[in-house]
Amino acid sequence: MNKLLIIVLIAAVMHSCAQKPQSVSKPQEHISVAFDADSAYHFAAEQVSFGPRVPGSTSHRLCAEYLEHTLQRFADTVIVQHGSMPSYNGTPMPVRNIIAAFNPSATPRVMLSAHYDTRPWADQEQEQEKWHTPIDGANDGASGVAVLLEIARQLREMNTTKGIDIMLWDAEDSGTPQFEYSANHDSWCLGSQYWALHKHKAGYEAQCGILLDMVGAPDAQFQLEQHSRQYANHILKEVWKTARRLGYGDIFTDKHAYPITDDHYYLNQAGIPTIDIIHYDDIRGFGSYWHTTSDNMDHISRHTLGAVGTTVLDFITNR
Ligand code: AHN
Ligand code: ZN
């Protein structure tokens with residue numbers, strides 16, 4: 001064998017070796033995301049500016065139209081589901097769910113959701129005169145939707161090819177008021193209950209669901225809630241790991257919370273493994289202003305909206 005041939009062979013072997021590690025197991029590149037907390041804050045303020053979004057009211061209808069038109073700017077398709085469910089006292093409650101899809105035929109699908117209606121009663125107020133006042137619902141309602149609208153805006157910007165649905169539930173928060181004598185536990189989450197009975201697409205499936213509820217308080221804490229642990233622990237662990245990596249470990253805590261009746265319960269029952277990112281702390285429960293007239297924009301934090309939005313967008317982008 002002549003020298004030249006040996007050199008060529010050695011070069012060929014070295015070349016193939018150098019190529020190998022790359023072609024065999026190239027580590028997936030981590031994509032960093034650009035969730036804009038100011039934009040999310042603005043989306044919350046816009047909803048609140050319509051007034052309380054009590055099902056059946058004009059403010060509710062105008063806000064629903066605003067949400068539908070806003071999602072039409074970002075998503076590929078938007079479907080509005082109209083229906084009715086019996087309320088806590090048996091009277092029919094109108095339901096209007098807003099469902100936006102990115103890449104509607106792509107699988108597997110991720111379902112992100114939040115409720116957009118607000119509670120007709122400030123029934124956690126100390127003073128009885130305030131119990132019948134409808135609330136702004138800046139945190140309880142607008143915050144979760146605001147984070148999802150900003151995620152939708154970013155998904156459009158990123159030109160995502162993933163299958164993602166954003167569902168805005170109606171009639172979550174008209175469950176039996178505190179001042180009634182008997183409680184009907186199925187009187188909450190009427191929008192998601194309606195959807196579970198009448199899916200917008202026959203045979204619809206999602207591999208992963210994330211519900212956002214009360215994600216805007218300055219002192220927000222999210223705990224590992226029991227229904228989420230039972231039905232979707234793998235998702236819960238991954239989302240919390242993402243939050244910790246991003247430096248939000250102080251908000252996404254390792255404490256366990258008791259099972260909470262929220263839209264994710266009915267979604268899990270319908271076969272979609274769904275976690276709930278919901279404000280719950282051991283001292284104030286659902287937060288200081290929960291179901292009071294003080295649940296307004298004065299108590300919404302850009303930092304918390306950013307922590308949740310960045311975590312969820314990073315998780316769905318890099319999963
Ligand atoms: C109950 O209070 C039964 N569940 C909490 C779900 C909720 C109310 N989320 C917002 N408001
Ligand atoms: Zn509520």
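Whatever order the structure lists ligands and atoms in, that order sets their numbers, starting from 1.
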Peer 1: Apply the test salt bridge (Lys or Arg N to Asp or Glu O under 4.0 Å) to residues Asp254 and Arg244: give CA-CA distance (whole Å), side-chain angles for both, the deciding distance (0.1 Å), then the verdict.
Peer 2: CA-CA 10 Å; Asp254 288 329; Arg244 254 180 257 126; 3.2 Å; yes

Peer 1: Please tabulate, one pair per line, all N/O donor-acceptor pairs under 3.5 Å involving side-chain atoms of residues 207-219, not counting sequence neighbours.
Peer 2:
{"from": "Gln207", "atom 1": "OE1", "to": "Arg319", "atom 2": "NH2", "distance (Å)": "2.8"}

Peer 1: Please report the C-alpha distance between Asp136 and Arg53 in whole Å, then the side-chain angles of each, then the deciding distance to 0.1 Å, and finally whether the salt bridge (Lys or Arg N to Asp or Glu O under 4.0 Å) criterion is met.
Peer 2: CA-CA 8 Å; Asp136 274 0; Arg53 281 81 68 212; 5.7 Å; no

Peer 1: Count the heavy atoms of every other residue, nucleotide or ligand shown that sit under 6.0 Å from NE2 of His256, and state whether that count exceeds 12.
Peer 2: yes

Peer 1: Are Tyr258 and Tyr280 close enough, and set up right, to give a ring pair (Phe, Tyr, Trp, His ring centres under 6.0 Å), and what steps lead you there?
Peer 2: CA-CA 10 Å; Tyr258 70 92; Tyr280 187 79; 5.3 Å; yes

Peer 1: Which protein N or O atoms sit under 3.5 Å from any N or O of ligand 1? Give atom names and distances.
Peer 2:
{"from": "ligand 1", "atom 1": "4 (N)", "to": "Thr261", "atom 2": "O", "distance (Å)": "3.0"}
{"from": "ligand 1", "atom 1": "9 (N)", "to": "Glu172", "atom 2": "OE2", "distance (Å)": "3.2"}
{"from": "ligand 1", "atom 1": "9 (N)", "to": "Asp213", "atom 2": "OD2", "distance (Å)": "2.7"}
{"from": "ligand 1", "atom 1": "11 (N)", "to": "Asp140", "atom 2": "OD1", "distance (Å)": "3.4"}
{"from": "ligand 1", "atom 1": "11 (N)", "to": "Asp140", "atom 2": "OD2", "distance (Å)": "3.1"}
{"from": "ligand 1", "atom 1": "11 (N)", "to": "Asp173", "atom 2": "OD1", "distance (Å)": "3.1"}
{"from": "ligand 1", "atom 1": "11 (N)", "to": "Asp173", "atom 2": "OD2", "distance (Å)": "3.2"}
{"from": "ligand 1", "atom 1": "11 (N)", "to": "His291", "atom 2": "NE2", "distance (Å)": "3.4"}

Peer 1: Taking the Zn ion (ligand 2) as the centre, count the protein N/O/S atoms lying under 2.8 Å from it.
Peer 2: 4

Peer 1: Using the rule given for ring pair (Phe, Tyr, Trp, His ring centres under 6.0 Å), can you reason through Tyr204 versus Trp195, listing the C-alpha separation, both sets of side-chain angles and the distance that settles it, and then say yes or no?
Peer 2: CA-CA 11 Å; Tyr204 175 87; Trp195 180 83; 5.7 Å; yes

Peer 1: NZ of Lys199: more than 12 outside heavy atoms within 6.0 angstrom?
Peer 2: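 Yes - once you tally the heavy atoms of other residues, nucleotides and ligands closer than 6.0 Å, there are more than 12.
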
Peer 1: Tracing side-chain links under 4.5 Å among I, L, V, M, F, W and Y, which residues wind up in one group with Ile31?
Peer 2: none

Peer 1: Is it the case that over 12 heavy atoms from other parts of the model lie below 6.0 angstrom from the OH atom of Tyr265?
Peer 2: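 Counting other residues, nucleotides and ligands, OH of Tyr265 stays at 12 neighbours or fewer.
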
